[in-house]
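Let me begin by presenting the structure, written as structure tokens, before commenting on it.
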Amino acid sequence: MFVDVILPLPFSELFTYSVPEEMQQKMGPGHRVIVPFGSRKYYTGIVRRLHQDKPAHFEVKEIHSSLDSHPVVCEQQLELWEWISFYYLSPLGDVFKAALPPSMKPDGQKQKTAPRTETYLQLNEALDAATVAMLIGRAKKQHALLGNLKQYLSTNQLELVRKKDVTRFGNYSPSVLKGLLNKGVLLEQEMEMDRRPPEHDMEASRAPFPLNNVQQEALNAILDSFTRQSTCLLHGVTSSGKTEIYVHLVETFLAKGKQILYLVPEIALTTQLTRRLRSVFGNKMAIYHSRINDRERADIWQKMLSDEPYDIILGVRSSLFLPFRQLGLVIVDEEHETSYKQQDPAPRYHARDTAIMLGHIAGAKTLLGSATPSIESFHNARKGKYGLVTLNKRYSNLMMPEIVIHDTRDLRKRKKMKSLLTPGLIEEMKKALSNDEQTILFRNRRGFSAMVECAQCGWIPKCSRCDVAFTYHKKGNRLICHYCNTSHVLMTECPTCNQQSLKPLGQGTERLEEEVSLLFPDATVDRMDTDTTRGKKSLETIIHDFQENRIQILVGTQMLSKGLDFENVRVVGIISADSLLNHPDFRSHERGFQLMIQAAGRAGRKHRRGVVIIQSNDPHQPVYEFIRKNDFEAFYHSQLGERELFHYPPFYRLIRAVFRHKNGEQAEAAASRYANLLKQLLHERVLGPNIPVVGRVQNYHIREVLLKLENSLPTRQVRNLLKKAEKELRRDPRFRYMILYYDVDPV
Ligand code: ADP
Ligand code: ZN
Ligand code: ZN
């Protein structure tokens, strides 16, 4: 007996091994086996198929050991892997690597010995708050760490946290934690790696809220569309009650004995949503995202294979790979989010589109939901490929915020701009403050300023490994490359003209925070971006503080605009909105529209009408009018003409072939050769090679060949052409080890 095995290596080929007599009884597709590969290495592979065909041309090696008596990956999952590998032009072995939790792919060389243990931390429940306060005294950092830890435990309903994970709560030196341990405020506990920390009881605590008429109609319309189409788009404005409709839809499928996958974008701040779903579904639901550890992932996977699997999985894109056996429904919340697309490493798949394919394979329905659908999904819905259900009003007649555009160029000309904020915005913020209401300010860039420039000679410090200017961060007075994270302290002199004339240009969130603090000295101002949340405060802490009204003005990047529900926000300010629209990308207006509408959605969610102020140098661009009126459909139509004319989605599909090499000429030569090979067959559909906006990253030179393919071209044939061209290219010894990867449907 022979098996063809998928190995966790960047290949699509299967590898054949023979099965020793004693393993033959319990061998089948989806089983894990440990096999030798290369001269000394062992890998965990997945059996794809069994057969009797002895390979003719090479000596077949034997399976070393078998890990399972039942499949850990089901046929449907394997089919999905193969589709991803095919459609996204990603090696099957890379899909396997992405799909299975690491601990389920043990390295064949390591033999398990004694159970491995790990240290967990726990609050000392024997101490009351006053005692703790006394013990910690004036050790500020200890207070801060303890606060973050408590917050984390309570939001995640945990009693224990891995000691290792303390780094997650900020850049604390080990001495801070040691202090808390020495004082007995925290206790350590050794546990076997395989035992999960106990969780709080997670029984459901309430029934779903009854839907109002509008919601009920929408739900009926979705169910009705599912009788005809397997995918439906729910387009509902922010706060229209989509989540509540999802809850009822989940109930409907639970009643049919089906499983539900509820997908959320990677960066989504899921604590609010988790609590809401947990209160209704209790421990029928498991959470599968980047915050849970590998052991927990493996546990969830195993439970999905058991006779009592979870009914509901709330997760990010990797949860598409879980072994569902009764999948009935996939919900893709905020379907327009670009973080659904995996960028690096391969497989570069889009979770929304993969969800639709999973639904197809599993015979399940897919619901896409958004206040600002992607042009592609809306187009598919308009064409009748998907069902379409629309909600135009906020729940319980809450008003949409008023959206106002301020012309900063004009204000500047009239000398009315005394700060980064327009006088009108400052006025609204003052009003909000005096009514105990909150403000959110968005700025699409972190750091203190965009970059630094020499006022004398115009020199701009750039990263030596990437072709981008450094971003200046006032904290630590550092220059940081946002592409490779290289950083160093800002020099005092310009190295080209030796003058002390290096000046920050433009503004980031850090600068905005500083300025707002000066404008409103009595207000509590805080900032949320990847810098602050990597630092001393966790994301959860900032959100919690904001919800509890401990922060009056919150400054942040777009991170803040994602699906959060703040009841007391009256003012939303979008600073230098044009930067959202001016990317050299055909989607820049789509992204800008989505971002501004989503940001606007944070205003006035509960008590009274909010106001959104958009600051623009160029307020007459038509997109602002669509935003002001919150008119998604008009915006959609405005985009179509251009998309069709310039051969972009939704009328054409894009594939980017990316070449990377340490030597720029080699990268160029390979990309040209490849483009020429393809042009012979695909003609003007092949563009490039081009140098991307950032043409060098971490010392690799990058070239791109872009394909614009009309929707009617057969997917398989196109992929075969690309593979043939690649094979041809690699015949040339210069290009044998060239890095070439594909980005299909880039976002
Ligand atoms: P969306 O997902 O469209 O942004 P949500 O489902 O979060 O909207 O609803 C907005 C607010 O209205 C939430 O605070 C939610 O609790 C409330 N809400 C929505 N539907 C109902 C309902 N049927 N009964 C009670 N409250 C509801
Ligand atoms: Zn200079
Ligand atoms: Zn760099």
Side-chain angles (χ1 to χ4, degrees), residues 206-219 234-251 262 264 268-270 272-277 279-280 331-335 367 369-373 389-400 451-471 479-488 491-503 547 561-569 597-598 600-607 694-700 702:
R206 67 170 176 94
F209 297 129
L211 296 182
N212 66 18
N213 287 342
V214 181
Q215 287 173 315
Q216 188 62 49
E217 270 171 37
L219 177 63
L234 174 61
H235 172 211
V237 295
T238 50
S239 272
S240 55
K242 295 184 292 296
T243 312
E244 217 49 48
I245 294 176
Y246 302 152
V247 169
H248 283 256
L249 196 61
V250 168
E251 292 259 295
Y262 192 129
V264 289
L269 307 161
T270 46
Q272 287 182 347
L273 181 67
T274 307
R275 287 206 162 168
R276 206 161 147 188
L277 297 178
S279 66
V280 180
I331 294 169
V332 186
D333 195 6
E334 309 289 357
E335 68 87 27
L367 180 70
S370 176
T372 51
V389 176
T390 312
L391 285 168
N392 285 322
K393 289 229 164 59
R394 286 183 150 186
Y395 178 75
S396 77
N397 292 324
L398 194 77
M399 276 198 283
M400 292 302 283
M451 46 188 180
V452 167
E453 190 185 47
C454 173
Q456 287 294 325
C457 72
W459 178 80
I460 291 172
K462 292 198 178 117
C463 177
S464 61
R465 309 169 71 207
C466 314
D467 286 342
V468 282
F470 277 116
T471 302
L479 295 172
I480 302 179
C481 170
H482 284 187
Y483 279 79
C484 70
N485 273 329
T486 302
S487 79
H488 58 77
M491 44 292 231
T492 44
E493 286 190 350
C494 167
T496 40
C497 68
N498 301 324
Q499 303 287 311
Q500 296 196 350
S501 48
L502 291 171
K503 295 251 154 57
Q547 264 170 336
S561 72
K562 317 276 180 199
L564 288 169
D565 208 343
F566 299 119
E567 295 188 353
N568 195 33
V569 173
I597 293 290
Q598 294 284 350
R602 304 309 119 209
R605 287 175 69 102
K606 207 110 223 178
H607 298 299
V694 178
R696 191 172 49 108
V697 172
Q698 300 189 358
N699 277 333
Y700 278 91
I702 307 171

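Counting convention: from 1, in listed order, for ligands and their atoms alike.
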Would you give the length of the straight line joining atom CD of Gln215 to atom CD1 of Ile245, rounded to the nearest 0.5 angstrom? 5.0 Å

On a heavy-atom basis, the closest approach of Cys481 and Cys484 is SG-N, 3.4 Å

Under a 4.0 angstrom heavy-atom cut-off, which atoms of ligand 1 come close to Gly241? 1 (P), 3 (O), 5 (P), 6 (O), 8 (O), 9 (O), 19 (C)

How would you list, by chain and number, every residue that makes a side-chain contact (heavy atoms from CB on, under 4.5 Å) with Gln547, sequence neighbours excluded? Gln272, Ile543, Phe566

Enumerate the atoms of ligand 1 whose separation from the nearest heavy atom of Glu244 is less than 4.0 angstrom. 6 (O), 20 (N), 21 (C), 22 (C), 23 (N)

Could you tell me whether the side chain of Arg696 and the main chain of Ser464 form a donor-acceptor pair under 3.5 Å? yes

Could you pull out, from Ser239, Pro208, Pro210, the option with a heavy atom nearest to atom 23 (N) of ligand 1? Pro210

Leu211 neighbourhood, listing ligand 1 atoms whose heavy-atom distance to it stays under 4.0 Å: 23 (N)

Below 4.0 Å, non-hydrogen atoms only: which portion of Arg276 touches ligand 1? Side chain, backbone, both or neither. side chain

For Ser240, all residues meeting side-chain contact (heavy atoms from CB on, under 4.5 Å), sequence neighbours excluded: Val237, Lys242, Leu391

When you measure from the side chain of Arg394 to the backbone N and O of Thr238, does any donor-acceptor pair fall under 3.5 Å? yes

Using a 3.5 Å distance criterion without hydrogens, assess whether the side chain of His235 forms a donor-acceptor pair with backbone atoms of Thr372. no

A correct count of protein N/O/S atoms found below 2.8 Å of the Zn ion (ligand 3) gives 4

Protein N/O/S count near the Zn ion (ligand 2) (criterion: distance under 2.8 Å): 4

Taking every heavy atom of Phe470 against every heavy atom of Thr486, the minimum-distance pair comes out as CE2-O, 3.7 Å

